[in-house]
Every structure is written in structure tokens, then in C-alpha cells.
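Model, not experiment: these values are computed from the prediction. Chain letters run A, B, ... following the sequence lines, proteins first and then strands; every chain starts at 1. What you see below is based on every heavy atom in this structure, not just the backbone, and it leaves out hydrogens, waters and symmetry mates.
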2 protein chains.
Amino acid sequence: MNTEERLRNFKEICRKVGLKITHQRLEIFKELLNSHDHPTVEKLYHRLQPKLPTISIDTVYRTLTTLEKHDLIVRVETEESQARFEGRMEEHHHAICKKCGGITDFYWEFPDEASLPAEILNWGQLVKKSLTLHGICEQCIQEE
Amino acid sequence: MNTEERLRNFKEICRKVGLKITHQRLEIFKELLNSHDHPTVEKLYHRLQPKLPTISIDTVYRTLTTLEKHDLIVRVETEESQARFEGRMEEHHHAICKKCGGITDFYWEFPDEASLPAEILNWGQLVKKSLTLHGICEQCIQEE
DNA sequence: TTCTAAGATAGGAATGGTTCTTATTGGCAG
DNA sequence: CTGCCAATAAGAACCATTCCTATCTTAGAA
């Protein structure tokens, strides 16, 4: 799905579940679609200032939580205390740099569910499999 | 490594890096070794009350951060705001239940590093590969 | 063993990220 | 166009985590 399709989908989902399509929701969603660095709420808030100078940070929090609930965006799993979000919805994976905290996306096809241990296949209902690589990115290695 | 070996290793590492072996550090480490539910700081704090009735929660935070820095324990990556820790050090993976938040450990041999996309193999220096499964555990399915 | 210096802790205050409260605004169905 | 109800802004409140500092403990020296 490209940006336009994502926006159409966004509006459709909102209509379907009874969410009003407000200026703020639309701008927050669009801003996240254009952000490929898995921004924190604070970062998004600042990026939105030019378009929405009076928006409150609470609205950003509330909206992201709402969008997440309806599977329009994803909350990224990290060890940090600050929440980070992304707009990319295709199943993909992350490489996280221990040094700078940067997150890089990558695609990788999961080998075969049967390669998982039996105990986990019986664990429950699997929804998502995400591989996270930890290490130090090339740029941080150079800077050492 | 069994518990006894882990404790010996703990003391050795402390000596090596100049950390004093305090009663609190030892008890916090032992408590985490005995906990298999990836407890939050708050939970550990309460479990330690019987043995260390006057311990402050700051000490638990500080100690866990210190132990993590020296690779004696691991901070678990979740979407939650509260930090969770574990004492298991063998490389393993997690299945997280969306409903109850429970985390189940499992072992799984990573197929082959060459199966990762080239872009990631050149990303930097990889330290750890962790697979996280998301879904709903059997118990929560039953309860629905 | 005793002494001492440096490091560690307890307790409370402070901080920072996130959520709640409330008055006001604005989307949208009729 | 109008009214209802959801959504927002602003600031207060909340909660997890960290800081401050006086006191205590550990580990090494005497």
C-alpha cells in the first residue's frame, strides 16, 4: 500500500469503527507515514508543530494509542522507557544499535513455523513473529 | 551454569570489575535467579521484603542496572512502560501474550546467519538475535 | 583484628514520560 | 443548519525511575 492507499484505508477504518476523522488524527497519521526513524512521541510532537502549532502532546499520545488499537500503526518493542512508533505495517524486523539507539528495518522471511519448538506451537495463537537484532551499527563503530 | 556456579561467577565478576559484594546485591541477584516470570522492579522489590525489610526501591533499580551493565542479567524488551528483567543468560527467545502480558521462554536455534538479507549483514556488528512471538496464550484463549 | 577510604545504601525529593480532568471545540448525522 | 457527542487543549496528576545526601558497609591496609 502506498501513502494514498494508506490514507484511504485510514479513513475507511475510522468510519467503520466510529472514529471521527479530525485534522489532528489525519496529520499525526500522515506524519508517522513519512517518518522512517521510529520516532518517539516527543519527536512527532515537534515535527507536527509547523502544521498544528496548538496541538497538545496528550493528543499525540492519545491518537497514537487509538491508531495502534485499530492496527493502523505499530508500537515498537524496545528496552527504552520512551515509546516509539512506526507506520510501516508489512511484517518486518528491526536491528537496534546499542550505541546510538537507531532502529533499522529489514525484511526477512521466517524460515518455517515447524522449525519452532513444539512447546511453542502449543503455546497459544501466534499473531506475529519479530526478529530483533542487537549490536553496533557501522557508523557507531567508525566513530569509536 | 547452575545456581551455585552463577553465584561464584557473580562474585568473580564483581571482584574483577571492582564492585563490592553487598548483602543487597547478592540477594537481588539470587532472587532474580529464582524468578522465572521476568519480574518488574516493583515485583522483585516486594519479593525481597522478607529478607531485606529496609531495602529501598532505588537500590533495586540501581543494582539491576549495574548487573545488566556487566552482563550478569538481562533487561527484557517489551512494549510495556515498566522494565522487566531475567536472570537466564543462555541465548533464548520469548513468546509474549497480548492479553495477560505473560512471557514464556523458549530455545530455538537460529537457522543460519546467511539467510539474513545482505543489507543487515553489512549493518554493523551483531551481538544478539532475539525472536519474539506475539499472540494469545492458551490459558487466555480458554478464559475468553 | 582494627582502622580507613571509597563505594553503596535508605529515604525522601525531584524528574520525566504518560495519562487524567474539565471546559471548550468541532465533526458529522439528521 | 443544528445539535449531539466525541475529540481536543491545557494544565494537573500520576507513576516509574533517578537523583541527592547523610549514613553505613565493604575490602584492603596497618
From the list [options], which nucleotide is the closest neighbour of the side chain of [X]?
{"X": "A/Lys20", "options": "D/dT8, C/dG27, D/dA10", "value": "C/dG27"}
{"X": "B/Tyr61", "options": "C/dC20, D/dA16, C/dA10", "value": "D/dA16"}
{"X": "A/Thr22", "options": "C/dT9, D/dT8, C/dG11", "value": "D/dT8"}
{"X": "A/Ala83", "options": "C/dT18, D/dT8, D/dT17", "value": "C/dT18"}

>> Between the side chains of B/Glu12 and B/Arg15, is the shortest nitrogen-to-carboxylate-oxygen separation below 4.0 Å, so that they form an ion pair?
In response: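 Result for this pair is no, no salt bridge flagged.
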
> Hey, does A/Ile57 reach any base, or is it just sugar-phosphate, or nothing, if we go heavy atoms under 4.0 Å?
Replying inline: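 Here A/Ile57 touches no strand at all.
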
>> Regarding A/Ile21, tell me which of base, sugar-phosphate or nothing describes its non-hydrogen contacts under 4.0 Å with the strands shown.
In response: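 If one applies the 4.0 Å heavy-atom cut-off, A/Ile21 turns out to touch the sugar-phosphate alone, with no base involved.
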
> How far apart are the closest heavy atoms of A/Ile73 and A/Glu68, and which atoms are they?
Replying inline: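 Shortest heavy-atom contact: CG1-N, 3.6 Å.
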
> Short question: side chain of B/Arg75, backbone of B/Ala83 - any donor-acceptor pair under 3.5 Å?
Replying inline: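 Checked: no pair found.
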
Please state how far atom [atom1] in [X] lies from atom [atom2] in [N], giving the value in whole angstrom units.
{"X": "B/Gln24", "N": "D/dT23", "atom1": "CD", "atom2": "P", "result": "18 Å"}
{"X": "A/Arg62", "N": "C/dT22", "atom1": "CZ", "atom2": "P", "result": "15 Å"}
{"X": "A/His23", "N": "C/dG27", "atom1": "NE2", "atom2": "P", "result": "9 Å"}
{"X": "A/Leu64", "N": "C/dT19", "atom1": "CG", "atom2": "P", "result": "10 Å"}

> Below 4.5 Å, heavy atoms only, C-beta onward: do A/Leu44 and A/Ser35 meet side chain to side chain?
Replying inline: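 Of all side-chain heavy-atom pairs linking A/Ser35 with A/Leu44, at least one is under 4.5 Å.
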
